[in-house]
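To start, the structure under review is shown below, and the notes come after it.
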Amino acid sequence: MTKGILYGVGAGPGDPELMTVKAVRTVERCPVIALPQSGRGECTAYEIAKEAVPALEKKEKLLLSMPMTRDQDTLLESWREAADQIARKLDLGQDVAFLTLGDPAVYSTYLYLHRLVEKMGYEARMIPGVPSFCAAAARLGWGLCENRQPLHILPASYDGTEEALSLPGTKVLMKAGSCAAEVMDALGKRGLRSRTGLVVNCGMAGEKAYQSLETTPEEQGYFSLYIVKEEE
């Protein structure tokens, strides 16, 4: 029996119309949809994909226990168990689509499963999606990279973010989560608030966009993305 293939499918940033044709066709073709039980971004990806793929709700759902923690032992154990669950479907010749918010190559849980499943001898492929920072820049009407400017993608809730704000070029702060106050404080210390744009819930219900952070926005949440521009 031919084994199935695992697909990591980028659902884009929030607007179902930004889900690519290839992503839609891949999800339509796969009989099994893999979903982590505690991954907020991936659950949102499912809600996005439902709008673009009407038949999605009728497909088999493979629920994967993947806790939101930074404990490496706990994470590794959950990834291995999830990879084993996926492998059992692949052994039956069933293709599996793992939906992820944005692009599977950018801060995605899928990456860990991709590597594990490949090491187990199965085929795994990534279907790119529109990254959230590209959609946020479009919403603001800003360029991310101009002339020779570099672009830095930073996980805002991790150590080293404040120091990285001194790097040349454009800085994108992702995954701020509950650290919004710390981010605002770091931007303020470096005098960067007037050159920072913010998009909350990009492409989703309740989307808000701010061209400057000179005054603290009323709403910031899990899906908050900051773009810090170099002084012109």
Side-chain angles (χ1 to χ4, degrees), residues 4-64 66 68 82 86 89 94-111 113-114 124-144 153 155 172-177 197-211 217 219-227:
I5 299 172
L6 171 64
Y7 293 91
V9 181
D15 184 346
E17 292 186 349
L18 290 180
M19 192 167 171
T20 69
V21 173
K22 187 168 186 176
V24 168
R25 289 177 177 170
T26 300
V27 173
E28 287 175 337
R29 189 174 65 250
C30 290
V32 181
I33 307 300
L35 298 169
Q37 290 180 288
S38 57
R40 189 181 307 182
E42 284 74 13
C43 290
T44 302
Y46 177 75
E47 295 302 315
I48 295 167
K50 278 199 309 184
E51 299 297 318
V53 186
L56 182 59
E57 292 187 274
K58 298 179 182 179
K59 292 179 177 288
E60 179 184 353
K61 311 302 186 298
L62 182 62
L63 300 180
L64 309 175
M66 305 185 79
M68 300 289 285
I86 291 170
K89 296 297 181 182
Q94 295 179 316
D95 291 340
V96 177
F98 184 106
L99 294 169
T100 186
L101 194 64
D103 183 277
V106 181
Y107 296 126
S108 169
T109 302
Y110 170 75
L111 284 171
L113 294 178
H114 183 94
R125 302 177 187 174
M126 298 195 335
I127 308 300
V130 175
S132 58
F133 53 86
C134 290
R139 176 66 177 81
L140 293 167
W142 291 9
L144 287 172
I153 313 298
V172 171
L173 306 181
M174 299 179 64
K175 302 171 71 70
L198 167 66
V199 179
V200 181
N201 297 326
C202 186
M204 305 175 192
E207 176 188 86
K208 293 184 180 298
Y210 304 86
Q211 294 280 332
E219 294 185 27
Q220 297 183 61
Y222 183 79
F223 297 115
S224 294
L225 190 145
Y226 307 78
I227 300 177

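All values reported here derive from a predicted model rather than from experimental measurement. All residue numbers in this chain count up from 1 along the given sequence.
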With a 4.5 Å limit on heavy-atom distance, are the side chains of [X] and [Y] in contact?
| X | Y | value |
| --- | --- | --- |
| T26 | R125 | no |
| E47 | M204 | no |
| T20 | P128 | no |
| S108 | D103 | no |
| L113 | L64 | yes |

Might you point out which heavy atoms bring [X] and [Y] nearest each other, and give the distance in Å?
| X | Y | value |
| --- | --- | --- |
| G203 | E207 | N-OE2, 2.6 Å |
| P31 | Q94 | CG-CB, 4.1 Å |
| P104 | G8 | CG-O, 3.7 Å |
| V9 | A23 | CG1-CB, 3.6 Å |
| S224 | L198 | CB-CD1, 4.0 Å |
| E28 | V53 | CG-CG1, 3.7 Å |

Inter-residue atom distance [X].[atom1] - [Y].[atom2], 0.5 Å rounding:
| X | Y | atom1 | atom2 | value |
| --- | --- | --- | --- | --- |
| T109 | L101 | OG1 | CG | 10.5 Å |
| F98 | I33 | CZ | CD1 | 11.5 Å |
| C30 | L62 | SG | CG | 12.0 Å |
| I48 | E17 | CD1 | CD | 12.5 Å |
| I153 | L144 | CD1 | CG | 7.0 Å |
| Y46 | L99 | OH | CG | 9.0 Å |

Residues which pass side-chain contact (heavy atoms from CB on, under 4.5 Å) with E51, listed by chain and number, not counting sequence neighbours = P16
When you look at CZ of R25, are more than 12 heavy atoms from neighbouring residues, nucleotides or ligands closer to it than 6.0 Å?
-> no
Would you indicate whether K22, at its atom NZ, is surrounded by more than 12 heavy atoms from other residues, nucleotides or ligands within a distance under 6.0 Å?
-> no
Can you name the residues that form a side-chain hydrogen bond (donor to acceptor under 3.5 Å, both in side chains) with Q211, not counting sequence neighbours?
-> W142
Mind checking what makes salt bridge (Lys or Arg N to Asp or Glu O under 4.0 Å) contact with E60, not counting sequence neighbours?
-> K89
Please check if the side chain of K61 supplies one atom and the backbone of E57 the other of a donor-acceptor pair under 3.5 Å.
-> yes
Could you tell me whether a side-chain N or O of D95 sits under 3.5 Å from a main-chain N or O of G4, the two making a donor and an acceptor?
-> no
